[in-house]
Structures are given as structure tokens and as C-alpha cells.
Amino acid sequence: MSLPPPPNSHAIAVLALTVLALILFTREKIPLESSSFFVLISLTVIFEIFPFRSDAGVFHAVDFFYGFGHEALVAVCALMIAGQGIVRTGALEPVGRLLAKLWKISPNISLLLTLLVGAAISAFINNVPVVVLFLPILISVSMRTGMPASAVLMPMGFSTLLGGTATTIGTSTNLLVVSLAAEIGLRRFDMFDFLLPAAVAGSIGIVYLWLVAPKIIPKREQPLTDTSPRIFIAHLAIPEGSPSEGKTVSEVRKMTDGAMKIIHVRRYEDNLILPLPSVVLRAGDHLIVRDTPERLKEFEKVLEATLYPQDSEDTPVDEENPLKSENQQIAEVVVTEGSLLQGRTLSTVRFAERYGLIILALHRVGRHLEKITDEIGDVRLRAGDVLLVQGPSEQIAALKKGKDFLVLDAATDLPFTRKAPLAILIMAGIVLTAASGLLPIAISAPCGALLMIFSGCLQWRDATSALSAQVILIVAASLALGLALLKTGGADYLASLFVAATHGASPTFAVSGLMLLMGILTNIVSNNAAAVIGTPIAVSIASQMGQPPEPFVLAVLFGANMSYATPMAYKTNLLVMNAGKYAFSDFLRIGVPLLLIMWAVLSWLLPVIYGLR
């Protein structure tokens, strides 16, 4: 096996930056948008200081910014906005309501229908809102039937990933690969051009998720309502002779080591005083406090006060008259992508005042559950974080209707507004005009997004919150890297290495190897980065082997969508991981066999369909 000659200095620099980018994309402590922006700026600075000259002339560094106006990114952003219109109007609610009823009749058949419906919808809509729709339904069914939620949540999440590979608009990865391949000179893929291999492989994958996966997923307990620390509002009455009599609020709090949180001081009937540190307490005052029953009783003992339930101050709290949580609910809510809380703290958004709910705990992937004593209000929240909240049932119901959170143990239906049919019609129009060739998706999707706003399905605030800075920057940076690899010859060099490594092997083996490489890469770094870097390499491999480029490009597309083996591979994996309380090893246990099934089936299908020699 003879190795190709080394590439030029610019190509070496781009290859080194590509390796650095892939390393940065795997660093959890570095935001993906920061890594993407760094890569983009690095490219422009390097090529501005050291211009790249070729037979085609000088390559201008500012051309790396073309990704921000790239048709694929325009289509991705417009589809995110249009998908938000579907979510905000509750257009998918009838589907969820029907499936929830079917679960009561036949859980086994209902699981299959859920997998099929989730895959079908995800072929045309971003799978995040689809997962958001199904998560509370499946968790609610799990709580009512005793079925472990962990047995169904991961299969449901993976089914939406399978469905997303079926069309050119199913995922942002598909749009990027298709658009970049067209720029390189290939015939543009139509919307349903690779539906056949996606449907065949996806069907086998769904059978695995239906019959096998639920049986091998470890049972994970849902640490919900009954085991959660409940918070109560109560009154601590200060009697004569109490050690707290005559002391300031600040001094009384010091008696409890600063643990007691005083909401108000009530003096006389209906006279509430703010608990300022300098307020001096008198006999007969009531401290309105909020905490767990154990700590409230501890405060009662330390202050030598009398503890009364809220609105029941004639009977002290004791074993015969315990604190009760009437009209109170405990719920787990997930911070969603684009949420008001993303990147902010609970303190800065005044969560308790805004939503009328108490935060009991916070759970984040890779971290232990933080209790109320751990200053949760100062933790900067991320998408996928789970908050354990308690409050009146009407406040929980109001939270379910918002878009900043996903309420995991929801029992009520999602909102279904009169605009829902219009939202579905607009989304259908986007799909049909693109599928028929009447308008390219980069035009039909923005038109649909505009109609969502003009028709009242969305407000501008909803539209802008639907956009993800992370997606925009990773797409722009990946496109810039792909362009640099093409212009400098770095893609041809990598392709030559691949061809040399597979010397003497059949094209079928080359397609299979490329797809497996992309499948591994996408579970470590961003799927969009893997797709955009892999596409020009795939075209070059096909050219050097004298084969049609389509199966090689689709190998990249399908491989980059195999985000099954790790929770960080795709954002819905994180949502499912938190909701089902899965461990990292659960994704390996279920996701790796699914990846191998898809890889094996597609490695056979693509060469057969495209007639590789």
C-alpha cells in the first residue's frame, strides 16, 4: 500500500484545525457554540494572514462566512420556526391524546404505534417537539400502569431519529449533506430520493426497538412524587418568654444557622411585615416560613415557638395533626432548548415569583441530585436540566401550557388551539411544494415560517426563541471547514488515504467502511460537523474509485444520523436520558446494537440500489 504524497501547508493547517475542532466539540465544559465560533474565526485569520493561492486564483478568507447565508442553514432555521408553530398551537395534541387512550387497551401494540407515528412525523418535523409530545404521555402511562418508563422512552426517542433519515428535511444533517453535495456538482437529491433504503432499514430498526430493546433495558426507578422532599408554608407563633422575643429577624435566623427562610412576619390580624433584618420580633408575632416538615419542627424547637399549619392556626402541628399538602402537586420539568431559563439562574428570572412554584431539587446529567439546601437558585441552567417543583395544581397546569419547560409527569392534555389546523396546513404546504419541485426547501420553508407568523400561529418572540445559536454556529463552522478541505485539497488527501487503506477492497466495502466511520464519529462529535466534513471526502473517494458518488454521499448521511450510542450525540437523547433516568451504559447497551443493525442493512442496500460494481 503506497501512501499519497503529503498535501500543501494550507491543507495541513486545515487538517490540524479539523482534528482540534473534533476534540473541542467533545469537551462538555466548552459550549459547542464557543468551539464553533473559535474554529470559524481561526480559519478566517489563518487564511487572511497567509493567503491561499491556487490555479483558480486567491481564496478570500471572508468566503468562510458564506455559511451564515447558506441555503441549508436558511432552510434549517425556517423549519425550526415552522416546527415551533406546530408546537405552540398544539397541532400534534390529537395524536398524543389518541395514543394515550390506546395505551390503556394494549400497551404492546400501542408501543409499536408510538414508534411508527414518531418516526413518520419526524420525517417532516424536527424530532425535538415530537419527543416533547410523547415524553409526558409515556411517563403518565407508566405511572398509572406500573410499566417502567425506562422500557419505552429510549425506544421512542430512537424511533424519531430513524424517521428523520427518510427525507431531505428530516434533520438538519440531511439538509447539509444534500446541499453541500449539490454545490460540489452532484445532482440534487429530491425529498424522497433515499426514502427506500431509509424505510427498509428503519423498519428493521423499529422491530428491534419494539420487541428486543424493552426487554434488555435495565429497569430505572422514577424518583418522583412520593419519595420527594415536600415543602410546606407554616406559621411559627412567638409566645411570651420565647428566646426569640425581642430579637431581630437577623438574630433569629442566626439561631437556626441561617437555614430558616422567613417569607413574612405577621403582626396583629392581616398586618404583614417584610422580614427585614432589623425588624424586632414581639410576643404574638407569627413567622411565615417555608421548608420541609422535619426542618420546620426543628425551627419550632430551637425558637421555642408553636408551629401551626397555614390557614389553620387553632390547632398546633403534632402527630395527630400533621402538615398536609392539599391542592399541592410535585412535578418534574425539563428546561427545553430555547427556554427563558437556558443559560440563566433561577434567582435572576425570579422563578418562584414568576411561576408560583417552589424548587425542591435540580438534576443534571452526570451530577447528583441537588437538594434545596444547595443554593439551586445560583446554578446556571442548561437545556436538559430537570427541576423538581412543588406548587398548587393550577400553577402546574399553567406551566404545562408554556413553552419554556417540558412537564414530565403531566396528566393533562397539551393545548389545542383553533390555529392548529392552519399550522398543520402550512407545514403540509412546505413539504408538498418542496417535494413536488415547485419551490426549493430553502424558499418554501421561509415562506411557511412567514405564514406561521402572519396567520397568528406564532408570535415573533416565539419565532426567535425557536432559533438555536448552537445549531447556527455549528452549521456555519462546519460548512467553513468543509469549504477549506475542498479548496486546499485536504479532502482529496483524506480520500486518498482512505482509498489506500482499502486498496483492493470492493466499493461495497468502501461504502460500508465510510458509513461505520461516520457512525462512530457522530456519537463523539456533532452530527452536523461529521456530515459536512465527510461529504466532500465521500465525493472524492467515489471519484478516485471510479464509482457513482450517490451511495458514498448517502453513506455519510446515514452514518452521521446514527446518533444512538451516547447521550450527548443528539439533544433528544439528553431529554430522554433525564426523563428515563438512564445511565450512560444504557445507551451503549441499546444504541450500539441499533447502530450495527442500521449499518449492516444499509451496507447491503446502498450498493444494491445504486449498482456499485
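Below, all heavy atoms of this structure are taken into account, side chains as well, without hydrogens, waters or symmetry copies.
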(message) The criterion is side-chain hydrogen bond (donor to acceptor under 3.5 Å, both in side chains); which residues satisfy it with Q544, sequence neighbours excluded?
(response) S496, S540

(message) My understanding is that only residues two or more places apart in sequence, or in another chain, count here; which of them pass side-chain hydrogen bond (donor to acceptor under 3.5 Å, both in side chains) with D193?
(response) R187

(request) Using side-chain contact (heavy atoms from CB on, under 4.5 Å) as the criterion, list what pairs up with L494, not counting sequence neighbours. (result) L15, L497, I537

Donor-acceptor pairs under 3.5 angstrom involving side-chain atoms of residues 556-565: please list them, not counting sequence neighbours.
residue, atom, partner, partner atom, Å
N561, OD1, T171, OG1, 3.3
N561, ND2, N174, OD1, 2.8
N561, ND2, L557, O, 2.9

(message) If the test is ring pair (Phe, Tyr, Trp, His ring centres under 6.0 Å), which one of F47, F52, F37 qualifies with F64?
(response) F47

For [X], which residues count as a salt bridge (Lys or Arg N to Asp or Glu O under 4.0 Å) partner, sequence neighbours excluded?
| X | result |
| --- | --- |
| R344 | none |
| D190 | none |
| E183 | none |

(message) Is it the case that over 12 heavy atoms from other parts of the model lie below 6.0 angstrom from the CZ atom of F509?
(response) no

With sequence neighbours excluded, give me every salt bridge (charged side-chain N to carboxylate O under 4.0 Å, His left out) pair touching [range].
| range | answer |
| --- | --- |
| residues 64-84 | E71-R188 |
| residues 438-448 | none |
| residues 432-458 | none |

Would you tabulate the side-chain donor-acceptor contacts of residues 479-487 under 3.5 Å, counting partners in other chains and residues two or more places apart, or write 'none'?
none

(message) Once ring pair (Phe, Tyr, Trp, His ring centres under 6.0 Å) is applied, do any residues pair with Y610, and if so which ones, sequence neighbours excluded?
(response) none

